[in-house]
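To keep things clear, I will list the structure first and then write my remarks on it.
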Amino acid sequence: MKVKVVVNGYGTIGKRVADAITKQDDMELIGVTKTRPSYQAKMAVDKGYPLYVSGKGVKDDFIKAGIKVDGRLEDILESADIVVDTTPEKIGKENKDIYLKYSDLKAIWQGGEKASIADASFNALVNYEAAFGKKFVRVVSCNTTALCRTLYAIHKNFDISHITAVIVRRASDPAETEKGPINSLEPSLKVPSHHGPDVQSVMGNIDIETMAIKAPTTLMHLHSVIVTCKKKGVTVSDIISAFESTERIRLFNGWEHIFGTAQIMEFAKDNAFYRGDMMENGVWSDGINIIGSKIYYYQAVHQESIVIPENIDAIRSMFELEKDKYKSMRITDESLGILKNIK
Ligand code: NAD
């Protein structure tokens with residue numbers, strides 16, 4: 001039997017999660033929601049996704065716009081096994097009271113919500129098992145997801161003692177023209193930033209401090225990471241091997257002429273990744289170095305898509321559809337066309 005999934009909030013993350021669900025043999029998309037008519041609402045209907053009205057939305061507004069709706073969110077939740085909440089930050093928390101009315105309904109929230117909303121904060125590679133059979137799970141943010149992936153690869157092999165990471169955040173997603181800054185770099189004056197504790201919500205008591213800067217770009221985030229390990233004698237090629245053999249990390253070499261986030265986005269489009277998405281961490285192999293006991297590396301993070309495979313694995317874990325995290329990730333990655341061949 002397939003797990004019946006509703007995606008509440010058909011925006012940047014929601015539309016991608018919805019498409020990803022339709023590619024899984026063990027899941028079925030039974031509805032998506034919008035609050036207002038828009039081209040995206042019409043796109044959902046054109047794709048054959050049952051559309052429901054959510055939040056303060058009014059059904060008549062959709063009908064006037066000529067967009068077919070099947071009812072309100074509450075009409076479909078009764079038939080759902082799980083709702084993936086992809087509404088904006090803090091709205092997800094308000095929605096919890098709605099979900100609690102359906103005793104068997106499970107829910108996933110995104111990184112915009114606090115860790116306390118769910119029974120577990122999730123990253124497939126680090127703690128797939130933590131979501132086994134759980135009712136409420138939070139898939140951590142794009143930045144935290146990316147940090148968890150590469151830090152896990154290093155920690156598993158070389159036993160991390162300390163991490164410092166500086167996060168250069170994209171100012172907004174490409175379509176969010178109302179947000180900024182458009183000509184300024186804005187440091188987060190809360191030092192350390194919230195990203196370190198968020199990594200700890202998945203990786204436990206790992207020693208990490210982070211700082212963050214908002215930059216006028218919409219393409220990707222960029223992390224500059226410095227890691228100290230307990231294991232002595234680690235080499236650059238050891239780190240490259242660790243990244244190469246880890247799921248959802250893609251290394252770029254100097255000869256590829258990928259100088260920054262612009263070329264990574266072009267690479268994703270040229271490789272016909274759907275929507276030009278890049279669901280893997282992009283790590284520059286030439287930018288990896290070891291000085292003394294410290295490992296240095298940079299990684300690029302496509303904020304719009306990196307968490308999509310994680311949402312799929314979270315569902316598989318919550319319903320115990322697959323016990324082995326590597327098998328779940330492989331099923332997900334093959335279905336989504338994440339092309340890297342793991343050795
Ligand atoms: P978004 O604004 O692009 O999409 C949210 C969608 O929810 C919109 O379609 C909006 O109309 C709809 N919505 C608003 N109020 C609603 C309500 N009451 N009920 C149902 N739908 C409602 O937001 P997003 O960027 O997709 O972010 C969603 C979540 O994912 C947030 O928690 C965010 O922090 C997290 N996240 C975002 C990114 C990113 O870079 N975009 C990356 C990782 C995680």
Side-chain angles (χ1 to χ4, degrees), residues 6-20 31-44 49 51-59 61-62 67 69 71-77 83-99 107-115 117-118 121-123 137-149 167-179 194-195 198 202 212 214-215 217-222 261 265 275 277-279 281 300-311 314:
V6 168
V7 174
N8 188 22
Y10 191 72
T12 306
I13 301 297
K15 65 186 175 186
R16 289 173 165 84
V17 170
D19 289 343
V32 301
T33 74
K34 282 303 276 180
T35 54
R36 282 185 299 266
S38 64
Y39 90 88
Q40 290 192 335
K42 182 164 184 315
M43 179 174 76
Y49 302 165
L51 179 68
Y52 294 84
V53 184
S54 187
K56 295 197 171 89
V58 177
K59 202 172 161 185
D61 291 345
F62 288 82
I67 298 173
V69 281
R72 292 198 60 85
L73 169 70
E74 289 78 359
D75 299 326
I76 187 65
L77 286 184
V83 56
V84 182
D85 188 298
T86 49
T87 61
E89 199 176 314
K90 299 196 178 89
I91 307 269
K93 181 169 181 277
E94 293 169 18
N95 288 338
K96 189 168 184 179
D97 286 339
I98 302 174
Y99 307 151
I108 291 177
W109 285 272
Q110 308 303 311
E113 304 305 325
K114 292 211 168 92
I117 197 164
S121 286
F122 181 86
N123 174 266
V137 166
R138 179 182 74 122
V139 169
V140 289
S141 74
C142 43
N143 283 307
T144 305
T145 297
L147 285 168
C148 284
R149 287 181 186 165
I167 294 166
V168 181
R169 298 172 53 199
R170 59 89 181 99
S172 75
D173 289 340
E176 292 174 325
T177 47
E178 72 281 13
K179 286 193 188 168
H194 70 275
H195 304 91
D198 210 36
V202 181
K214 229 196 270 181
T217 178
T218 64
L219 301 178
M220 300 180 94
H221 305 297
L222 186 97
T261 53
M265 288 287 86
R275 288 196 170 92
D277 283 347
M278 175 77 191
M279 296 183 227
N281 293 29
V301 183
H302 186 225
Q303 73 280 351
E304 295 176 282
S305 67
I306 190 170
V307 299
I308 307 311
E310 308 295 330
N311 275 272

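Every number for a ligand or one of its atoms is a count from 1 in the order of the listing. What you see is a predicted model, and the numbers here were worked out from it, not measured in a lab.
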Are Lys34 and Asp61 close enough, and set up right, to give a salt bridge (Lys or Arg N to Asp or Glu O under 4.0 Å), and what steps lead you there?
CA-CA 11 Å; Lys34 282 303 276 180; Asp61 291 345; over 6 Å; no
Pair Arg170, Thr218 - check side chain to side chain donor-acceptor pair (under 3.5 Å), show working.
CA-CA 5 Å; Arg170 59 89 181 99; Thr218 64; over 6 Å; no
When you look at Asn143 and Ser141, which way does the side chain to side chain donor-acceptor pair (under 3.5 Å) test go after all the steps?
CA-CA 6 Å; Asn143 283 307; Ser141 74; 5.2 Å; no
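The protein heavy-atom contact nearest to atom 5 (C) of ligand 1 is Thr86 O, 3.4 Å. Scanning the protein for heavy atoms near atom 19 (N) of ligand 1, the closest one is Ser54 OG, 3.0 Å. The nearest heavy-atom contact from the protein to atom 4 (O) of ligand 1 is Gly11 CA, 3.3 Å. When hydrogens are left out, the protein atom nearest atom 33 (C) of ligand 1 is Gly112 N, 4.0 Å; that is the closest non-hydrogen contact. Residue, atom and distance of the protein heavy atom nearest to atom 41 (N) of ligand 1 are Asp173 OD2, 2.6 Å.
Within the listing of ligand 1, atoms 11 (O), 13 (N), 15 (N), 16 (C), 17 (C), 21 (N), 22 (C) sit less than 4.0 angstrom from a heavy atom of Thr35. Atoms of ligand 1 found under 4.0 Å from any heavy atom of Ile91 (numbered from 1 in listed order, with element): 17 (C), 18 (N). Those atoms of ligand 1 that come under 4.0 Å of a heavy atom in Gln110, given as number and element, are 29 (C), 30 (O), 32 (O), 35 (C). Distances below 4.0 Å separate heavy atoms of Cys142 from the following atoms of ligand 1: 42 (C), 43 (C).
Of the heavy atoms in Thr87, both backbone and side-chain atoms come closer than 4.0 Å to ligand 1. By the criterion of a heavy-atom distance under 4.0 Å, neither the backbone nor the side chain of Trp109 is placed next to ligand 1. Looking at Thr12 against ligand 1, both its backbone and its side chain come within 4.0 Å, counting heavy atoms. Of the heavy atoms in Ile13, both backbone and side-chain atoms come closer than 4.0 Å to ligand 1. When heavy-atom distances to ligand 1 are checked against a 4.0 Å cut-off, Lys34 comes that close only through its side chain, counted from C-beta outward.
Not a single donor-acceptor pair under 3.5 Å links the side chain of His302 to the backbone N or O of Met279. Between the side chain of Thr33 and the backbone N or O of Tyr52 there is no donor-acceptor pair closer than 3.5 Å. Side chain of Asp85 to backbone of Trp109: no donor-acceptor contact under 3.5 angstrom is found. Of the possible polar contacts, none joining the Thr35 side chain to the Gly57 backbone as a donor-acceptor pair under 3.5 Å is found. Using a distance-only test at 3.5 Å, with no hydrogens or angles considered, a donor-acceptor pair links the side chain of Glu113 to the main chain of Lys93. The main-chain N or O of Gly9 is found under 3.5 Å from a side-chain atom of Thr86 such that the two form a donor-acceptor pair.
Residue contacts with ligand 1: Glu304 is placed with no nitrogen or oxygen under 3.5 Å of a nitrogen or oxygen of the ligand (distance criterion only).
Nearest-residue assignment for atom 42 (C) of ligand 1 (options Lys56, Gln303, Arg36, Glu94; heavy-atom criterion): Gln303. Of the candidates Ala175, Pro88, Gly111, Ser38, Pro88 brings a heavy atom nearest to atom 10 (C) of ligand 1. Selection from His221, Lys15, Arg169, Arg170 by nearest heavy atom to atom 40 (O) of ligand 1 gives Arg170.
The number of heavy atoms from other shown groups lying within 6.0 Å of NZ (Lys96) is above 12. Arg72 CZ: more than 12 foreign heavy atoms inside a 6.0 Å radius.
Closest non-hydrogen pair, Gln303 versus Ser172, comes out as NE2-O, 4.3 Å.
In this structure, atom 23 (O) of ligand 1 has no protein heavy-atom contact shorter than 4.0 Å.
For the ligand labelled ligand 1, residue Gly92 lies outside the 4.0 Å heavy-atom shell.
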